[in-house]
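Before any comments, here is the structure.
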Amino acid sequence: MTPLDTAPIVPGSGGDPFLIVLLLVPVVGALVMYPLRANTGLAKAVAMATALLELVLVVVAWALYSIPAAQAGARFQLEFSMSWIPAFGTHIAFGVDGIALALIGLTAFLVPGLMLFAWAEKLPEGRSAAGYFALLLATQATLVGVFAATDVFLFYVFFEAMLVPMYFLIGRFGGPRRQYAAVKFFLYSLLGGLIMLASLIGLFVVSEQQLGQGTFTWADLQAMASSVPESTQIWLFLGFFVAFAIKAPLVPFHTWLPDAGAEAPIVGAVLLVGVLDKVGTYGFLRYLLPLFPQASQTLAPLVLVLAVAGIVYAALLAVAQTDMGRFVAYTSVAHFGFIALGVFAFSSQAFAGATLYMVNHGLSTGMLFVMVGVLISRGGSRLIADYGGVAKLAPVMAGCLLLAGMSSLALPGTNSFVSEFLVLVGSFPNRPVFTVIATIGIIFAALYVLWFYQRTMQGPVRGTAVMAALERGGAGGPGSMIDPAVAAQRKGSGFPDLTGREIGVLVPLIVAIVVLGFYPGPVLDLINPSVTATMTELGLPDPVVAGGIAR
C-alpha cells in the first residue's frame, strides 16, 4: 500500500485492495453470525472481535493516509477500481479522502462500544443476539461502502442497501411502535433514493453528451461539471438534494426521524442518528457541490432557509417532547441545520466546521442515546416525566448525562463547541443573515438541554419509573409508596448507578468529547486538504483564505 503514490487509477486496473478488506471484514462477520445463532456467547464474542478488528484496520488506514499527498493534490487515496458493468460505465471503485476517512473512523469507533452496551440487553421474545449483532455489522459494512465509493452508481447501491439492516434493526428489535417506525423510515428513504436514481440516470446521459461515453466515475463527472448548463444542473441537483435532505434530515423532510429514533433499539438509534444520517450531509459535500457547482450556488438560499428553519423549529419541538428518544431525535434535527449551514456557506472554515460537526455530533448524540438507554434500563419508561431526582440516587450517571448535554449544546471545552464555532465564523462573511438567525438555536439548545437535565436528574426523588425501580429494590411491597425524602437517603437502592460495563461504554466517548474539545487538530489536519479541494471544485473564492483554516 503506497499512499504517497498519487498516480490516477485506470478503470479496470485494480489498485490498493485495503478498502475492499475494510468493507469485507464486517460482511464476513455478519455472515458468520448465522451458524452461531444457537450459541449466544460465542456469537457475541465473534461480533466483538470483528468490530475490534475493523477498528484496528481503520487506525491502519488513518496511518496510511498521507496528508502531504492530499495537500499536494491527491483527491483520493487507497484507491481501487475494477470494471463492473461495462455497458453502463460502472466500476467497483473505492477511495477515501479526509472527509470520508473521518466518518468511517467515527463508525468504527462507535460500533465496539455499542456492542458492549447491547451485551446484556434483553431482546424481544423470539429474537436472537446473533441476528442483532449481525445487523449491526451489516450496517457498518454498508456505511463503509457509502463513504468509500468513488463510483456514483456504486454509491447509490450502498445508499439503498444500508436501508435493509437498519429496517430490520428497528422493526425486529425496537420499541412498541417499531413496525410503524421501520416502515416509515424505509418508505421515506426509498422515495428519496428513487428520486436520486432519476437524477443519476440523467447524469449518465449528460456524461454521454459531454464526454462521448457514459460514465459514473466521480472524477470524470466532476471534471465535466463546469461545462454542464446551469438549467440541467438544477434539475439533477434537485434529485440528489431531495434524497440527501431526507437522509440528513432537513425540515420539512424530517418527520420520519423522531419515530425511528424513539422506536429503534438504543444501539440502532446511535448508528441511525450518529452515523447513517450523516450520509445526507456527506452527500452535500461530496456530490452536490463538486458535481453541480452552478446549481449549488443558485439554490443555496433555498437550502439555507431550510437549514435555519430546522435549527429554530426543531429546538422548539425538542422542548415540548415527553419521550426521551424523540427529544434526542429533535435535537439532532437542529444540529443538522448547523451542518447544512456550514456546507452552503461556501467557505473553507465553514466546510471544515461542518465536517467536524458530523464527527462531533455522532459522539455527543451517541452518548446522549446511551444515557437514555441507561435510564430506560433502570426505570423501564421512556417518558421524561417518569424520572426525577436521579442525581441523588446515581450521581455518576447524572454527571455523564450532564457532560453529554453540555457537548450537545456546544459548551466551550467540549467537542461540539469547536465545530459550531467554525461553522458560525466561516458562515458569517458570506451568509450573515442566516448566521445570525442560526445563533438563536444556541440559546434554544441551552434551554432544552437544561430543561431535560433538570426534569430527570435534579429536584426531589420522584417519578413513577424511579419509584417503581426503588420498590423493586426492596423499599416496600407491591403497591407501597416511597417517601421521597427517605428514597433520597437510600442511594442506589433499586436504582443503581452505572455498572462497570456501562462505564466501559462511556469512557471512550467521554475521552473523545474532552480531547476534541481542547485539541481538534488531528481531525482538522485530516479533513482540511479535502475541504480545500472542495472549494476549488466549487470554483468560488474563499472569504477566509487570508486567515487560513482554523485549527
Side-chain angles (χ1 to χ4, degrees), residues 75 97 99-100 103 146-147 149-156 158-159 189 192-193 195-204 206-207 216-251 253 277-307 310 336-348 350-355 357-358 423 426-427 430-431 434 527 530-540:
R75 190 63 173 89
D97 62 359
I99 299 172
L103 293 173
V146 163
F147 294 132
T150 55
D151 181 278
V152 185
F153 186 80
L154 182 64
F155 166 82
Y156 171 77
F158 281 111
F159 184 88
S189 300
I195 295 173
M196 183 170 72
L197 178 60
S199 284
L200 195 66
I201 295 170
L203 191 60
F204 180 81
V206 171
S207 69
F216 287 108
T217 302
W218 185 93
D220 293 337
L221 295 174
Q222 197 286 315
M224 76 169 193
S226 59
S227 62
V228 178
E230 182 177 335
S231 59
T232 303
Q233 283 193 32
I234 288 175
W235 285 107
L236 298 176
F237 174 100
L238 289 173
F240 279 86
F241 172 76
V242 169
F244 295 148
I246 290 174
K247 188 68 66 182
L250 294 182
V251 172
F253 306 100
D277 286 355
K278 303 301 189 306
V279 174
T281 48
Y282 170 79
F284 291 163
L285 276 171
R286 170 56 56 81
Y287 294 96
L288 291 187
L289 270 58
L291 300 187
F292 316 111
Q294 287 81 29
S296 297
Q297 296 168 44
T298 301
L299 298 178
L302 170 64
V303 182
L304 290 169
V305 167
L306 299 181
F336 281 115
F338 277 104
I339 298 173
L341 170 65
V343 171
F344 284 88
F346 302 147
S347 79
S348 57
F351 282 175
T355 304
Y357 213 135
M358 295 184 214
V423 167
S427 300
N430 279 344
R431 312 291 182 184
F434 292 107
I527 64 180
S530 302
V531 164
T532 302
T534 303
M535 282 297 301
T536 301
E537 291 153 1
L538 189 59
L540 287 177

Which atom of [X] lies closest to which atom of [Y], heavy atoms considered:
X	Y	value
G342	S427	CA-OG, 4.1 Å
K247	S189	NZ-OG, 3.4 Å
K278	F336	CD-CE2, 3.7 Å
Y282	A100	OH-CB, 3.8 Å
Y287	V152	CE2-CG2, 3.9 Å
F434	P301	CZ-O, 4.1 Å

If you round to the nearest 0.5 Å, how far is [atom2] of [Y] from [atom1] of [X]?
X	Y	atom1	atom2	result
F284	T281	CZ	OG1	7.0 Å
L288	L238	CG	CG	9.5 Å
I234	T298	CD1	OG1	5.0 Å
T532	M535	OG1	CE	8.5 Å
R431	L341	CZ	CG	9.0 Å
R286	F244	CZ	CZ	10.5 Å

Under 3.5 Å donor-acceptor, [X] side chain and [Y] backbone:
X	Y	answer
D97	S530	no
S347	G426	yes
Y156	L197	no

Using distance alone, with no hydrogens and no angle criterion, decide if Q233 and Q294 have a side-chain donor and acceptor under 3.5 Å apart.
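Yes, side-chain donor-acceptor contact under 3.5 Å.
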
Report yes if the side chains of [X] and [Y] come closer than 4.5 Å at any heavy-atom pair, otherwise no.
X	Y	result
T217	T150	no
V343	Y357	no
F158	V279	no
L291	F237	no

Please assess W235 against F292 for the test side-chain contact (heavy atoms from CB on, under 4.5 Å), listing each intermediate value before the final yes or no.
CA-CA 10 Å; W235 285 107; F292 316 111; over 6 Å; no

Determine, stepwise, if the pair E537 / L289 fulfils side-chain contact (heavy atoms from CB on, under 4.5 Å).
CA-CA 8 Å; E537 291 153 1; L289 270 58; over 6 Å; no

Which is it for D151 and W218 under the side-chain contact (heavy atoms from CB on, under 4.5 Å) test, yes or no, and what are the steps along the way?
CA-CA 5 Å; D151 181 278; W218 185 93; over 6 Å; no

Evaluate the side-chain contact (heavy atoms from CB on, under 4.5 Å) criterion for residues L306 and F344: first the C-alpha distance (whole Å), next the side-chain angles of each, then the deciding distance (0.1 Å), finally the verdict.
CA-CA 11 Å; L306 299 181; F344 284 88; over 6 Å; no

Centroid-to-centroid, F153 to F204, below 6.0 Å?
no

